[in-house]
Each structure stands twice: as structure tokens, then as C-alpha cells.
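Here's the structure we're looking at; comments come further down.
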Amino acid sequence: MAARLLRRKALTNLSAPSSSPFSKSSFSVQRLISTLVLGEHEGGSIKAQSLSAVVAAKFLGEDNSISMLLAGSGPSVQEAAIHAASCYSSISQVIVADSDKFTYPVAEPWAKLVQLIQQKGGYSHIMATSGSFGKNILPRAAALLDVSPITDVIEISGPQLFVRPIYAGNALCTVRYTGSAPCMLTVRSTSFPVPLTSANSKSDVAPISQVDPSTFGEDMVCKSKYLSHTSQDSERPDLGNARIVVTGGRALKSAENFKMIEKLAEKLGAAVGATRAAVDAGFVPNELQVGQTGKIVAPELYLAFGVSGAIQHLAGMRDSKVIVAVNKDADAPIFQVADYGLVGDLFEVIPELLEKLPEKK
């Protein structure tokens, strides 16, 4: 029996009272705010999540001057720089570091690069998205610059006032930055979507400046090195940016059964997601994991099959516009956040959906 369930937004706003000794910053806000965005690129194009960081930077102030930093080697990074310079009107400058040291996005050389660029540019803010790229680089760069970063920001109320989730998304914490410049942030790309009318609509081209490779020096010591990168070739949309996500849980019992989720996603033109339990059981690779330690998604439609709704998983998908859950356990926590819930056996529900849904054109 299908049931209409109200989604519960039980979020607590935690903020310091106005009389708090931390209500005033220990450094004065610069008259002209300037932001350095760490850009991620692939195949000569800027990734969508990096543009979300540019959107977030606009909330820091109207007169914010936004520069995007790109690093890599060869034609790919130069093509990405041209794309960044012309794709979004808020980008005022593109800085390119073209060196063999940045062939792969290893954290140590990238962090040193950020330190060098900051020493030269004196930015008030440095920002990246909360994906594996930003989480890998920005904390190390913050340590080199001797500042404390603010992570996973979902709302920017001013140059020093930010909102971030805590307790796996069950509460929101309002944070006022009181440290020295630069203020370093990672932001959730799903909280700062790129307007379709703004992307790819820039009439002028931002200047591109090249970083002298000799600046890095030969004494840059890396204690880690790139080994390999594996990815699955698929025509399905990227999980982080898909309009529809179909997710399966441990209740599917095997990798063979998980193919039902993939078939349903194919019919819907959707991305495939999985719970941590399904990933740990070996049903699918870990790049499909949705949750606090996986990918944060906020699609227009989120379909969850055999997902119990552990707090770790809910933290990664509770901002979805419409959530539909199918589970044979009527008391499963997933129903507390679902817009629509069906108590039933997924091994009966999914085949029926596959039979009744038209083929994707």
C-alpha cells in the first residue's frame, strides 16, 4: 500500500549569541573581497562542481573579485583555462600552473601551489568544493597558511558568516570566522547550483595568467605519489549532477540482483547510487556510494530501493527535491524523510516498474 509521507526538516540552527566574545572578527573585512577558487578540470573542460564554487563565492560580497586556479600539464590544462575564462561571467581571472608536477592532482604539490599563489595574491578567501579534490587539497593548504578551514558549507550569509551541517545533517551550525586571512572554505556543490542562463553566456573573456614553473623549485618533497585511476565507462549521468538517482541497498543481496537497479536507471535516464552497506558487500564500486562518506546528491527525484535510511546515508541525499522509498520494513527510517513511501518487496516492485515503464528514447 502506498502512503504519502511528509518530509521532516528537523534541523537546528546553532549560532553564537550577539553578546558572545567571538561575535567580532579578529581581522577586519577587506574593503574589496577577493576569492581564489581551486578549479577541477577534465578533458579540457571545467567540472560543474567548480562552477558551483564560483556561484558560492558571489555570496561573499557584491564587489568580490573571483580568480580560478587551474593546475595540470600539457594541452588539457590550457584548454581548460580557455574554457574557464569564457564560460562564466563571475570569473575575473584564470591562473594556470602548467608543470609536470601537476600531471595528477596530488595534494602536496597542489597545497604548495596554493600557498605560493596566496603569498603573491593576498586573497581574502580561498574556496573549493567538498568533493574528493577539495577535501584532499584545501586542509593541507590551510595548514601551510596556518589558518583553520571551514568545511562543507551549505549557506553563505556574509564574508565571515557561514552555515554548515553537523551530526550527519541533523543540525545546522552557524559559524563566524574570526581567524586571519585567508578564510578557507569547502562548499557543497548541491547547495550552490549553477544557473542555466548564466553558464556559457559570458560575452567577454577573462585574462589568463601563467605561473612560472621555476617558482615551484626542485625542493618540493612529496611523501605520496599517484599510482592509478580507475573509472567505469558508462552512458549514465554523473551521480553528483544527475536529475534522477536510483539507489539500491543491502536488501538487494548480491551484485547480480543489483543489476535490476542499473536496468531501472537506464530506463529512467538516471544515475545509479548505493548505500555504504551495498558497497562494503561488494555489489558495486565505492564511487557509487551516497552518504556522508560518499557523494552528496540533491537530484529532482531520488528513488531508494531496499535502503533502510541510516543516518550516514540520509546525510548524503536528504536535500533531494522528491524522495521515493520502497522497503518491506514499514518502520524503516527512510520513510521519515520520504515524500512517497511504498511498503513492499523490491523484488516484486522493480520488475513491475521495468515492465510498465516505456523504453528510453
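Checking Gln210 against Asp98 by side-chain atom types alone, no donor-acceptor pair falls below 3.5 Å.
In terms of heavy atoms, Pro149 sits closest to Leu138 at CB-CD2, 3.7 Å. The nearest pair of heavy atoms linking Ser180 to Val147 is O-CG1, 3.7 Å.
Atom CG of Asp238 is surrounded by more than 12 heavy atoms from other residues, nucleotides or ligands within 6.0 Å.
When Thr129, Ile137, Leu113 are each tested for a side chain to side chain contact (heavy atoms under 4.5 Å, CB included) with Leu38, only one passes: Ile137.
Among residues two or more places apart in sequence or in another chain, the salt bridge (charged side-chain N to carboxylate O under 4.0 Å, His left out) test is passed with Arg250 by none. Legend: residues meeting side-chain hydrogen bond (donor to acceptor under 3.5 Å, both in side chains) with Ser191, ordered by chain and number and at least two apart, are absent. Scanning for salt bridge (charged side-chain N to carboxylate O under 4.0 Å, His left out) contacts around Glu40 gives Lys47, with sequence neighbours left out.
In this structure, Gln93 and Met68 have side chains that are not in contact, with every pair of non-hydrogen atoms separated by 4.5 Å or more.
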Give the table of side-chain donor-acceptor pairs shorter than 3.5 Å for residues 182-189, with sequence neighbours excluded, one pair per line with atom names and distance.
{"unit_1": "Thr186", "atom_1": "OG1", "unit_2": "Ser130", "atom_2": "OG", "d": "3.3"}
{"unit_1": "Thr186", "atom_1": "OG1", "unit_2": "Asp152", "atom_2": "N", "d": "2.8"}
{"unit_1": "Arg188", "atom_1": "NE", "unit_2": "Asp152", "atom_2": "OD1", "d": "3.1"}
{"unit_1": "Arg188", "atom_1": "NE", "unit_2": "Asp152", "atom_2": "OD2", "d": "3.2"}
{"unit_1": "Arg188", "atom_1": "NH2", "unit_2": "Asp152", "atom_2": "OD2", "d": "3.2"}

Determine all donor-acceptor pairs shorter than 3.5 Å in which one atom belongs to a side chain in residues 350-357; sequence neighbours excluded.
{"unit_1": "Glu352", "atom_1": "OE2", "unit_2": "Lys356", "atom_2": "NZ", "d": "3.1"}

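No path of Ile, Leu, Val, Met, Phe, Trp and Tyr side chains, each step under 4.5 Å between heavy atoms, connects Leu161 with Val153, placing them in separate hydrophobic clusters. Hydrophobic cluster membership differs between Leu314 and Ile296, with clusters built from Ile, Leu, Val, Met, Phe, Trp and Tyr side chains linked at under 4.5 angstrom.
For residues 140-151, the pairs satisfying side-chain hydrogen bond (donor to acceptor under 3.5 Å, both in side chains) are Thr151-Arg164, with sequence neighbours left out.
Judged by distance alone, the side chain of Ser50 and the main-chain N or O of Ile46 form no donor-acceptor pair under 3.5 Å.
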